[in-house]
Asks: 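Attaching a single structure in structure tokens format; questions to follow.
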Protein chains: 2
Amino acid sequence: MKNITPQQQKVLDCIQVYINKTGFPPTRADICRELGFKSPNSAETHLRALEKKDFISIESGTSRGISINNPEIKHEGNEYPIVGLVAAGSPTLASENVEKVLNCPKGFFGSDFDYFLRVRGLSMKDAGIMEDDLIAVKKTQEIKNGDIVIARIEDEVTVKYFQRSAPNIVHLKPANKEFSDIEVNLEETELYIEGKSVGLIREN
Amino acid sequence: MKNITPQQQKVLDCIQVYINKTGFPPTRADICRELGFKSPNSAETHLRALEKKDFISIESGTSRGISINNPEIKHEGNEYPIVGLVAAGSPTLASENVEKVLNCPKGFFGSDFDYFLRVRGLSMKDAGIMEDDLIAVKKTQEIKNGDIVIARIEDEVTVKYFQRSAPNIVHLKPANKEFSDIEVNLEETELYIEGKSVGLIREN
DNA sequence: AAATATACTATATATTTATACAGTATAATG
DNA sequence: CATTATACTGTATAAATATATAGTATATTT
């Protein structure tokens with residue numbers, strides 16, 4: 001999409017909020033009132049700019065004839081695979097690991113993601129992650145402390161909080177007092193970060 | 001309140017169709033054009049009747065100031081509204097309570113559902129329901145013991161486990177030791193079951 | 001039998017609203 | 001350095017629109 005200016009974004013937001021609140025789009029004067037402009041032409045020029053950039057449509061000669069263009073509205077859901085906690089060696093998305101596929105709109109969790117992971121065990125219980133939940137996993141190596149990561153340590157795949165405690169020391173922390181931290185010394189043990197959690201689905 | 005005439009229904013449908021098509025409500029003249037009336041007052045009187053029967057609201061002195069009041073079963077397609085924990089009196093799906101809408105495939109949680117509820121508080125923490133989670137709510141009165149229900153007790157809307165302990169006694173049980181059970185005597189206190197949870201989504 | 005609600009036509013008008021025109025000012029672009 | 005885009009104020013006006021008033025006619029309710 002084209003580059004929207006901060007001010008134009010404010011006008012666009014204002015229109016959306018107005019529609020949500022009242023059920024119909026604002027007039028130029030309404031926008032001025034909401035945003036503190038003193039001339040209806042301020043709104044007018046912003047509207048023309050937004051129209052030119054294809055963010056909105058304006059029905060000419062029509063009061064409140066503004067509609068917001070939502071090109072992503074038609075995002076037919078994509079199919080995402082659901083995988084279990086896969087043993088090492090086997091590629092995560094190999095077909096024998098795919099339990100089934102789930103239709104889910106793109107960008108459902110704000111961020112993109114690659115597959116769903118079926119959770120086993122209760123080691124992340126206190127983070128609200130329960131047995132059989134589906135974690136939306138984004139394959140990435142960009143991990144910050146506190147992220148919930150899908151990590152592979154030698155033979156085991158596990159879901160834990162990530163914390164780098166020292167350049168070569170990573171702690172994988174459960175969210176359940178009955179489980180204990182896993183300390184990984186990167187010089188001794190191979191740690192592969194599969195990705196991180198960007199969302200969760202529970203079916204019941 | 002519910003006795004809408006066939007002609008009024010046609011006008012109401014016309015308004016809905018017009019909004020779906022254009023993004024904004026019709027004028028009196030638009031309604032006349034759509035339905036073949038020859039006087040704007042034909043539309044006007046129908047609108048007044050619909051307003052009196054509470055099917056629509058009319059913002060006076062405002063062009064296209066029509067909004068439809070009962071979008072109860074309005075999630076055509078796959079758009080589901082997200083609502084907060086709404087205070088009593090206010091209809092759950094009234095537009096002012098709708099935070100936004102979320103595109104979600106039908107039957108995503110196995111069962112049908114009606115809207116998403118934004119969770120506040122941690123009273124169901126041990127059931128893996130965290131603050132800001134979205135609960136998929138199915139509007140139903142068919143509740144079994146152990147179901148997670150959305151209940152309204154007088155002024156408060158709350159999410160809890162449901163347990164009928166005696167014909168007239170219902171316990172609403174939190175999943176968090178720091179919270180205590182709510183005992184409801186149905187003879188003394190009004191309890192309205194909004195629906196039950198059929199799924200959960202977490203965005204992070 | 002009278003009052004009320006429904007369902008329209010027809011005309012008129014005050015108000016709302018879109019939109020053009022005339023400026024000022026600043027930042028970015030080529 | 002000229003041009004263009006952005007971001008405004010201020011004024012004016014034709015067109016769009018809500019809405020009142022005056023009728024006609026039929027059905028439903030009291």
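First the proteins, then the strands, lettered A, B, ... as listed; each starts at 1. Being a predicted model, the structure only gives us computed values, none of them experimental.
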Asks: Is Asp181(A) salt-bridged to Lys160(A), cutoff N-O under 4.0 Å?
Replies: no

Asks: How long is the line joining CZ of Arg28(B) and P of dT17(C), in whole Å?
Replies: 12 Å

Asks: Rounding to an integer number of Å, can you tell me how far Gln8(B) CD sits from dA5(C) C1'?
Replies: 9 Å

Asks: Check whether the side chains of Asn176(A) and Ser123(A) place a donor and an acceptor atom closer than 3.5 Å, and report yes or no.
Replies: no

Asks: Hydrogens and angles aside, do Asn145(A) and Gln163(A) bring a side-chain donor and acceptor to less than 3.5 Å of each other?
Replies: no

Asks: By a strict heavy-atom criterion of less than 4.0 Å, which residues belonging to residues 36-48 of chain B are in contact with DNA chain D?
Replies: Pro40(B), Asn41(B), Glu44(B), Arg48(B)

Asks: Report the C-alpha distance between Leu47(A) and Arg28(A) in whole Å, list the side-chain angles of each, state the deciding distance to 0.1 Å, and finish with yes or no for side chain to side chain contact (heavy atoms under 4.5 Å, CB included).
Replies: CA-CA 9 Å; Leu47(A) 291 176; Arg28(A) 276 63 168 166; 3.6 Å; yes

Asks: Whole-Å distance between dA18(C) P and Phe24(A) CZ?
Replies: 12 Å

Asks: What distance separates Phe108(B) CZ from Phe108(A) CZ, expressed to the nearest 0.5 Å?
Replies: 5.0 Å

Asks: Quick check on the helix from dA1(C)-dT30(D) to dG30(C)-dC1(D): what's the angle between its two end axes, five base pairs per end, to the nearest 10°?
Replies: 30°

Asks: Of Ala49(B) and Gly65(A), whose nearest nucleotide on DNA chain C comes first from the 5' end?
Replies: Ala49(B)

Asks: When you check the gap from the basic side-chain N to the acidic O, do Arg64(A) and Asp30(A) get nearer than 4.0 Å?
Replies: yes

Asks: Could you report the tightest heavy-atom contact between Val137(B) and Phe113(B), atom names first, then the distance?
Replies: O-CB, 3.5 Å

Asks: What is the distance, to the nearest angstrom, from the CZ atom on Arg64(A) to the P atom on dT19(C)?
Replies: 14 Å

Asks: Measuring centre to centre across the rings, with the benzene-like ring taken for any Trp, is His171(A) within less than 6.0 Å of Tyr161(A)?
Replies: no

Asks: What integer distance in Å separates Ile56(A):CD1 from dA18(C):P?
Replies: 12 Å

Asks: Between which nucleotides of DNA chain D, 5' to 3', does chain B make heavy-atom contacts below 4.0 Å?
Replies: dT17(D) to dA22(D)

Asks: Which heavy atom in Gly128(A) sits nearest to a heavy atom in Arg202(A), and how many Å separate them?
Replies: O-NH2, 3.0 Å

Asks: Around atom CD of Glu142(A), are there more than 12 heavy atoms from other residues, nucleotides or ligands closer than 6.0 Å?
Replies: no

Asks: Going by an N to O cut-off under 4.0 Å, is there a salt bridge joining Lys196(B) and Asp147(B)?
Replies: yes

Asks: For Ser63(B) and dT17(C), is the shortest distance between a side-chain N/O and OP1 or OP2 below 4.0 Å?
Replies: yes

